[in-house]
There are 2 protein chains.
Amino acid sequence: MHDDDIANTMRALGHPVRLEILRILATQQQGQCCCADVTDSLTLAQSTVSQHIKVLLDAGLIERKPHGTRNRYYLRHDRLAELSSSFGGLLKGLAPVAANKETEQA
Amino acid sequence: MHDDDIANTMRALGHPVRLEILRILATQQQGQCCCADVTDSLTLAQSTVSQHIKVLLDAGLIERKPHGTRNRYYLRHDRLAELSSSFGGLLKGLAPVAANKETEQA
DNA sequence: CCGGTTGATCGGTGAATTGCGATGGAAGAT
DNA sequence: ATCTTCCATCGCAATTCACCGATCAACCGG
């Protein structure tokens, strides 16, 4: 993951509503959840929620699966893990040189 | 750290230039570095760099210390660590609910 | 076929962000 | 005192963001 990608993902996470949406998705068993569920849990218009979802979608943090008349959204745990790793790498890169160890992984 | 704080910090990190600035700060020995150093390493106007620095400052990710005629900037490793912890907590909160078996297939 | 529901997308508004050059104050040098 | 360097801050333009209501395609149940 490059700077731009990390920055992109960070920006997607850089909004409390989006964080909340991720949490809502995580709360559903199996992670299945449709837009209406999210909208019900927030005090925002459906179009706004849909827009936030799109941001998360574009950032690759969630996944959309059409299911009949509604869409289901899933957390992408793989990408979350990847982000975690990239973020860890970023922080390690920022750590003082003296404390730098050799624990790199991609 | 609350959602809003995390989101705030994330947004501060959500720009490649800001990530680069952090990296530049980390590269200097002792972490000391002034605005001119950063500006030299980037192809942006000094005022723009100063603005980005302010964002990082407001997010508490770096620290300013006046030093004679110039200011020195330091990475706030403590806050970075705190962020790391909060971020880890966030990801853990997003992880699949533990009341399930782990061997599931997508 | 028709009515209901879901939800992505469009158009618009206001606020925030990103970038710039210019200004000006503070501190060291002369 | 003056000159110079550093850089935070102030406008200013352009772009993006957040939010909304309205619309419209897709799907399901009669």
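Just so you know, these numbers use all the heavy atoms, side chains as well, and skip hydrogens, waters and symmetry mates.
- Two residues are said to be in side-chain contact when any heavy atoms from C-beta on lie closer than 4.5 Å; B:Arg23 and A:Leu90 meet this criterion.
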Nucleotide by nucleotide, nucleotides 10-21 of chain D touches protein heavy atoms under 4.0 Å in the pattern (B base, S sugar-phosphate only, - none) --------BBBB

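- With A:Tyr74 as the aromatic partner, A:Lys65 meets the cation-pi criteria of under 6.0 angstrom to the ring centre and within 45 degrees of the ring axis.
- Closest approach of B:His77 to A:Leu94, counting heavy atoms only: CE1-O, 3.2 Å.
- In this structure the side chain of A:Cys35 reaches within 4.5 angstrom of the side chain of A:Ile53, judged on heavy atoms.
- Protein atom CG of B:Leu42 is 14 Å distant from nucleotide atom P of D:dC7, rounded to whole Å.
- Phosphate contact (OP1/OP2 of D:dC6, side-chain N/O of B:Asn71, threshold under 4.0 Å): absent.
- With contacts defined as side-chain heavy-atom distances shorter than 4.5 Å, the pair B:Ile24/B:Tyr73 does not qualify.
- Neither OP1 nor OP2 of D:dC6 sits under 4.0 Å from any side-chain N or O of B:Tyr73.
- Extent of DNA chain C lying under 4.0 Å from chain B heavy atoms, first and last nucleotide in 5' to 3' order, is C:dT17 to C:dG28.
- Residues B:Leu13 and B:Arg18 are not in side-chain contact: their nearest non-hydrogen atoms beyond the backbone lie 4.5 Å or more apart.
- Residue contacts for A:Arg72: at a heavy-atom cut-off of 4.0 Å it reaches no nucleic acid atom on any strand shown.
- Side chains of A:His52 and A:His15 form a contact here, defined as non-hydrogen atoms less than 4.5 Å apart.
- When rounded to the nearest whole Å, the span between CG of B:Asp37 and C1' of D:dT5 equals 14 Å.
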Yes or no on side-chain contact (heavy atoms from CB on, under 4.5 Å) for B:Thr39 and B:Leu44, after CA distance, side-chain angles and deciding distance?
CA-CA 7 Å; B:Thr39 305; B:Leu44 288 171; over 6 Å; no

